[in-house]
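Here the structure is laid out as structure tokens; the discussion comes afterwards.
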Amino acid sequence: MKIAILINEGPYTHEATDSAYLFARAAIEKGHQVSRVFFYHDGVNNSTRLTEPPQDDRHIVNRWARLGDEHKIDLVVCVAAALRRGIKDENLAPGFRISGLGQLVEAGIQADRLVTFGD
Amino acid sequence: MKIAILINEGPYTHEATDSAYLFARAAIEKGHQVSRVFFYHDGVNNSTRLTEPPQDDRHIVNRWARLGDEHKIDLVVCVAAALRRGIKDENLAPGFRISGLGQLVEAGIQADRLVTFGD
Amino acid sequence: MLHIVNKSPLERNSLDTCLATAQPGGALLLIEDGVYAATAGHAAAGKLSAAMDKLKVYALKPDLEARGMAERALEGVTLVDYGGFVDLVTEHATCQSWL
Amino acid sequence: MLHIVNKSPLERNSLDTCLATAQPGGALLLIEDGVYAATAGHAAAGKLSAAMDKLKVYALKPDLEARGMAERALEGVTLVDYGGFVDLVTEHATCQSWL
Amino acid sequence: MSEGQIKKFMYLNRKAPHGTIYALESLEVVLIAAAFDQDVSLAFMDDGVYQLKKGFNTKGIEVKNFQPTYRALDDYDINKLYVEKEALEARGLGAEDMCVPVEVLSRAEIGKLMETQDVILSF
Amino acid sequence: MSEGQIKKFMYLNRKAPHGTIYALESLEVVLIAAAFDQDVSLAFMDDGVYQLKKGFNTKGIEVKNFQPTYRALDDYDINKLYVEKEALEARGLGAEDMCVPVEVLSRAEIGKLMETQDVILSF
């Protein structure tokens with residue numbers, strides 16, 4: 001099945017992005033396709049390359065980038081939400097792309113399921 | 001009176017930082033001193049110079065920087081919280097400084113009042 | 001002391017815990033989504049009115065106005081602007097934000 | 001359809017609204033802080049048990065374990081891992097996250 | 001999927017305005033969605049009903065008043081707005097307090113409507 | 001203020017662990033605060049009592065288990081930990097479920113204690 005994911009909260013502060021990642025990985029392991037992850041609201045903060053968590057902690061940004069690269073997941077960051085919160089190409093981590101809200105609606109149309117993670 | 005402020009949430013997503021700003025401005029208008037604003041948790045996201053809100057919207061980051069500059073408010077961003085969330089000198093807006101949690105405790109000791117804004 | 005509640009009373013438990021914890025003689029300031037508790041006809045209005053026996057209750061007028069609720073302010077609630085918010089903070093020795 | 005609740009039942013109103021809205025024959029998956037509703041002795045346990053007449057109730061085991069609550073899982077609740085979460089999503093035509 | 005497929009999208013709003021940005025950013029999605037010619041409906045439950053409460057005056061908190069945008073939705077052919085009856089009652093509100101025409105439904109009725117949707121976006 | 005002034009600091013925790021980061025980041029403040037030789041107490045109300053629930057096993061959600069840090073607080077001379085009685089009861093928990101020694105107080109008693117504080121930091 002083709003599954004799309006919407007993430008509404010930033011990294012570390014809320015568990016939402018952890019749950020979304022573990023869900024996405026499990027979906028792939030079960031043979032499903034995760035077609036797109038759309039980062040909205042504070043979710044855009046999952047895409048900054050400047051994140052540097054403590055050594056013994058998970059690296060949420062890099063983990064998404066790696067999963068996206070390995071499994072051809074389209075990691076889309078909402079441009080309007082990103083500008084409000086200081087995410088631009090300048091600090092965008094590799095593997096993510098900034099685009100419009102139309103990509104979220106399109107994901108909802110094209111995927112078999114859309115699952116939301118947020119606060 | 002000497003007042004310190006703790007901000008726990010990021011810009012735009014929660015009203016916390018708006019309330020804190022309007023409170024700080026009113027305190028100054030009443031002749032009080034706002035000695036320090038400490039940005040913790042997602043509050044660190046109030047300090048990125050990359051923020052670019054819509055033209056007709058308030059600029060939360062610049063507004064803090066201006067108030068801080070005009071009234072000698074020490075705008076301190078927690079280093080541990082900032083690293084987790086991708087705030088570094090590289091994208092720090094002028095007027096803010098990154099420092100340790102000790103600055104929050106010190107603000108609590110030295111100020112007459114500490115007011116918290118968050119979610 | 002001054003208690004500050006910024007959460008909607010029907011979405012979160014902050015107001016309930018605040019009211020159960022606050023000692024007589026204190027003040028309660030409702031701000032942000034917390035101001036809905038101070039509106040007539042709201043399910044929480046009764047418990048807020050009951051709390052007025054032990055607490056002086058204030059609500060931030062700009063937040064009521066933003067939400068189109070200023071004309072529904074509950075009887076017994078004192079409306080303040082940000083300057084009034086500052087006065088409440090300085091008049092009380094400590095404040096606690098029930099986030 | 002599949003309902004997903006990730007909020008603590010004593011902090012927020014998400015579970016209450018979900019239970020009042022969900023139609024019979026659906027499924028409810030508790031994740032993150034939502035799993036506390038599925039623990040024995042919790043104030044919300046009664047209403048969750050009552051909802052089992054119309055909804056099949058699941059809870060995410062890794063979230064229960066993280067909170068030290070796995071051994072207290074409420075009777076009638078099916079524990080699933082992330083793979084089970086995926087299956088629930090694919091088995092139901094739509095899902096709604098009660099944030 | 002085939003070109004021109006029409007899905008039923010429900011945008012479900014449960015958060016109060018101003019305290020958080022979800023109301024405003026949800027509206028931004030809805031406006032974009034209008035361009036996709038899908039079957040769109042909006043539901044307002046719990047504190048979400050406050051998003052439509054007439055008479056926002058945001059000058060005092062210095063943020064933009066986005067309420068006029070709700071009145072523009074009809075221009076985009078978005079006119080299925082459902083408001084939860086129990087939520088209005090618990091807040092001392094009625095349909096006449098809403099800034100746009102709405103249909104008032106019980107929670108159970110909204111629950112039935114949800115079952116007919118293809119995609120539910122929740123804010 | 002004079003050098004060496006000692007203030008009463010209360011750290012009040014009301015959020016569940018893991019769902020949000022507040023529990024962990026609150027603990028980071030408390031550890032730093034220990035170096036300042038202030039009079040420190042911790043109160044746990046509402047879902048905050050879950051922060052001390054014995055037996056966290058965070059492997060399955062792949063985050064660090066910060067619960068051992070609570071047991072280290074005593075080494076920093078932080079040993080005034082108050083837990084809300086009503087919160088424990090509503091959650092089917094007792095003092096024996098806590099990972100560290102605590103004093104169980106009613107809400108009203110915690111309210112009285114709050115009145116004696118100079119600074120309350122709330123997470």
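Chain identifiers are assigned alphabetically (A, B, ...) following the order of the sequence lines, protein sequences preceding nucleic acid strands; residue numbering begins at 1 within each chain.
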Any donor-acceptor pair under 3.5 Å from F/Y22 side chain to B/H41 backbone: no
Side chains of F/I21 and B/R84 in contact at under 4.5 Å (non-hydrogen atoms): yes
More than 12 heavy atoms of other groups within 6.0 Å of B/Q55 CD: no
Minimum heavy-atom distance between B/G108 and F/K7, given as atom pair plus value: O-NZ, 3.2 Å
Beyond-backbone contact of F/F9 with B/I109, side-chain heavy atoms, under 4.5 angstrom: yes
Proximity breakdown for B/A80 and chain F, heavy-atom pairs closer than 4.5 Å: side chain
Euclidean distance, B/Y40 OH relative to F/S26 OG, rounded to 0.5 Å: 7.5 Å
F/V29 versus chain B, the contacting section by heavy-atom distance below 4.5 Å: both
Interatomic distance, B/D119 atom CG to F/T20 atom OG1 [nearest 0.5 angstrom]: 9.0 Å
